[in-house]
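Computed from heavy atoms alone, side chains included, the values below leave out hydrogens, waters and symmetry copies. The chains referred to below are lettered A, B, ... by the order of the sequence lines, with proteins before strands, and numbering in each begins at 1.
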Amino acid sequence: MTAGAHAGRRDPVRIVCDVLLWAGAVLGLVCMIGGVAAAVFDVRPMVVQSGSMSPAIPTGSLILAVEVPADQITEGDVVSVVDRNGTRITHRVTDRHAVATEGAGPVALTLQGDANEVPDAEPYVVVTADRVFAHVPHLGYLVAWASGPVGMFVLGGVAVALILSLVRRTPQRGGTGSALTPVIVAGAAALGIGGLWLHPSVRPAVTQAAFTDAPTVGVSFIAASVPAPVGAVGCTNGASFSNQITLSWPAVAGQTSRYQYRVEIYQAALLGGENTKLLHSYVLTGTSQVVHHSELNRDFLWSGTGNVVVYGTVDGTTWRSSDDLRRTIVVGLTGSGFRCS
Amino acid sequence: MSAHRAVSSPRRRFRIASVRLRLLLTLGLVLTPGVMGTYAAWTDTATVSGIELKTGTLDLAVGATAGDQLTGQGGTWNYTALSLTAMLPGESVAKPITVRNAGTTPLKYTAAASTTNNTLSPSLKLTVVANGTVGGSGSQATGNRTGSCTGGTPWVTAVPVSTTSGSSSFPAAAVVLQPGATTSICVLVALDGTAPNTMQNQTSTLNLVFHASQP
């Protein structure tokens with residue numbers, strides 16, 4: 001007897017059982033306190049199914065969140081919201097805009113997973129959101145497993161065994177260990193399976209890569225610019241009594257067939273300054289233009305200096321070159337006084 | 001011997017009580033994950049029961065005709081064939097973009113267009129047609145390059161693009177692509193015929209972002 005009792009005390013199996021039971025008791029107490037606290041403070045546990053928030057929150061984490069009003073959410077918070085498809089998304093707030101102008105109205109949140117290169121396509125308009133305040137890596141796997149059929153079966157079996165041990169009458173003398181042994185073995189087996197589950201090599205592929213992907217196609221568009229002729233406007237007097245002159249300018253190379261020259265002849269302002277009165281204008285693709293005195297829309301009895309402006313345009317548009325070529329001509333009262341200056 | 005029994009007996013009673021208390025507390029450890037699991041929300045993907053999760057990769061690739069560009073996460077592909085320089089008002093360009101699911105899980109995507117600046121973009125008009133037939137005519141020399149997207153399903157037609165237009169996406173209903181599947185879209189960009197003189201020599205880079213996520 002004594003020898004048996006002494007032997008039982010030193011039995012390594014019993015020591016292990018004792019330690020396991022203590023560990024189970026302490027962890028169980030923590031779990032129960034945590035569960036009550038969670039119920040009191042409305043803490044929402046969630047299991048992270050994807051790595052889009054890794055490395056901060058890896059796949060399989062158990063995260064704890066509490067509901068907070070939208071006005072308490074700031075950029076950088078990790079919040080959990082439900083998108084329009086009913087999918088729960090837990091990502092980080094990268095931008096927030098108040099929808100209502102004042103007060104604690106709804107806000108539009110832009111969320112982005114830490115591992116995602118772009119924000120979620122959909123902005124989330126929320127009045128409240130579940131803000132994540134804690135996460136425990138890997139624990140989500142255990143919770144997921146526990147809520148699955150196998151986990152339910154194993155945990156249920158252990159629970160039944162524990163309850164049976166509790167309601168059982170005091171074990172026979174010296175039999176405490178032997179009565180507990182099946183329970184401990186079952187518990188150890190459950191923990192062992194759970195531990196194996198946590199090991200990446202054994203664990204079923206729970207890591208769903210719920211990443212987003214946002215490839216970008218970049219395309220550049222450059223509008224054309226309209227150049228002006230470079231050089232000087234040439235001018236040739238017509239034959240006597242022809243009442244005309246010929247203006248010419250250098251060609252601009254490499255232009256599309258929509259490129260045109262516009263020639264404008266102004267009445268020079270009396271004291272210099274801006275050209276005001278347009279006497280005549282021409283649009284052409286060639287590089288010379290005959291100007292007849294009779295074409296000019298002169299004021300009655302006006303004669304003096306005419307300003308010639310030549311620049312580039314594009315057919316069918318209002319586009320014109322920013323530069324132009326200029327020269328002056330002499331506009332007489334009659335055609336015989338119409339000369340290059 | 002008997003002295004030993006006398007000493008051990010209360011200790012043993014205490015021990016049995018201790019064992020029972022610890023058993024009770026251990027019950028909490030066993031039950032809590034189960035209870036928590038039944039009301040824990042699943043985050044990041046559609047709700048599933050138990051642990052029937054899938055493994056896979058989500059990858060949207062694009063390209064001119066084969067969807068051979070931008071495999072893997074994100075990235076930017078400069079589609080030079082769609083780019084146009086020395087654009088005159090009224091000119092346009094149309095090219096195909098093939099969107100391919102290069103991952104192993106189904107995906108859904110929408111597209112959004114925005115520009116890097118707003119200098120030329122006020123006069124740029126974007127048209128996107130799913131399964132449209134790409135056409136083109138004219139030449140730079142004649143200043144009448146013209147692209148066309150015929151047939152197919154228009155997603156957007158001659159909409160302006162700007163630095164902020166990326167917040168609106170198209171089409172209205174996201175396109176679902178099975179792994180390996182492709183869709184071809186015709187993208188047409190035109191410089192408005194009424195583009196003002198101030199648009200001369202301006203440049204804008206248009207970014208078409210394809211947002212892919214799980215359906």
Side-chain angles (χ1 to χ4, degrees), chain A residues 2 21 24-25 27-29 31-32 35 44-50 52 80 87-90 117 121 142-149 155 158-159 162 165-166 170 205-226 256-258 314 317-320, chain B residues 1 20 22-23 25-30 32-34 36-38 40-46 50-51 53-55 57-60 62 70 73-79 82-89 120 141-143 197 199-214:
Chain A
T2 312
L21 206 50
L27 288 174
L29 191 62
C31 281
M32 282 191 277
R44 296 160 187 199
M46 297 170 211
V47 178
V48 178
Q49 282 185 281
S50 80
S52 62
S80 183
T87 304
R88 185 168 273 278
I89 302 288
T90 301
E117 292 191 350
L142 187 63
V143 171
W145 170 79
S147 61
L155 290 183
V158 173
L162 284 172
S165 303
L166 271 172
T170 307
V206 186
T207 49
Q208 179 166 26
F211 293 104
T212 58
D213 189 13
T216 301
V217 178
V219 199
S220 293
F221 296 96
I222 304 171
S225 59
V226 184
T256 70
S257 43
R258 287 172 69 185
V314 174
T317 74
T318 59
W319 288 18
R320 56 158 294 171
Chain B
M1 206 158 182
R20 291 194 153 182
R22 284 182 279 161
L23 278 172
L25 292 176
T26 305
L27 207 54
L29 173 65
V30 173
T32 302
M36 187 178 275
T38 53
W42 297 87
T43 184
D44 246 333
T45 76
I51 48 157
L53 309 184
K54 289 174 284 186
T55 181
T57 57
L58 189 147
D59 185 11
L60 188 70
V62 296
L70 300 184
Q73 273 284 294
T76 298
W77 170 52
N78 288 316
Y79 192 7
L82 185 56
S83 299
L84 212 58
T85 56
M87 278 184 106
L88 291 174
L120 181 62
T142 50
N197 189 42
M199 291 300 161
Q200 263 191 71
N201 212 25
Q202 298 299 328
T203 178
S204 275
T205 297
L206 186 149
N207 285 326
L208 263 178
V209 184
F210 294 87
H211 289 281
S213 59
Q214 293 187 305

Counting N and O atoms only, with roles assigned by atom type, does the side chain of [X] sit under 3.5 Å from a partner on the main chain of [Y], one being a donor and the other an acceptor?
X: B/Q200; Y: A/A223; answer: no
X: A/D213; Y: B/L60; answer: yes
X: B/S83; Y: A/S220; answer: yes
X: A/R258; Y: B/G143; answer: yes

Problem set entry | A/V314 versus chain B, the contacting section by heavy-atom distance below 4.5 Å | side chain
For this session: Heavy-atom pairs under 4.5 Å with chain A are the metric here; pick the option from B/N201, B/T85, B/L120, B/V209 that has the most.
Result: B/N201
For this session: Look at B/D59, B/L88, B/N78, B/V62 and state which one has the largest set of heavy-atom pairs under 4.5 Å with chain A.
Result: B/L88
Are [X] and [Y] packed together at the side-chain level, in the sense that at least one heavy-atom pair is separated by less than 4.5 angstrom?
X: A/F221; Y: B/L206; result: yes
X: B/F210; Y: A/P215; result: yes
X: A/W319; Y: B/M199; result: yes

Exercise. Side chain, backbone, both or neither: which part of B/L84 has a non-hydrogen atom closer than 4.5 Å to chain A?
Worked result: both
For this session: Please name the residue in the list B/L82, B/L208, B/T205 that meets the side chain to side chain contact (heavy atoms under 4.5 Å, CB included) test with A/V219.
Result: B/L82
For this session: Please report the closest heavy-atom contact between B/Y79 and A/V217, naming both atoms and the distance.
Result: CB-CG1, 3.6 Å
Exercise. Any idea which heavy atoms bring B/N197 and A/R320 closest together, and the distance?
Worked result: OD1-N, 2.9 Å
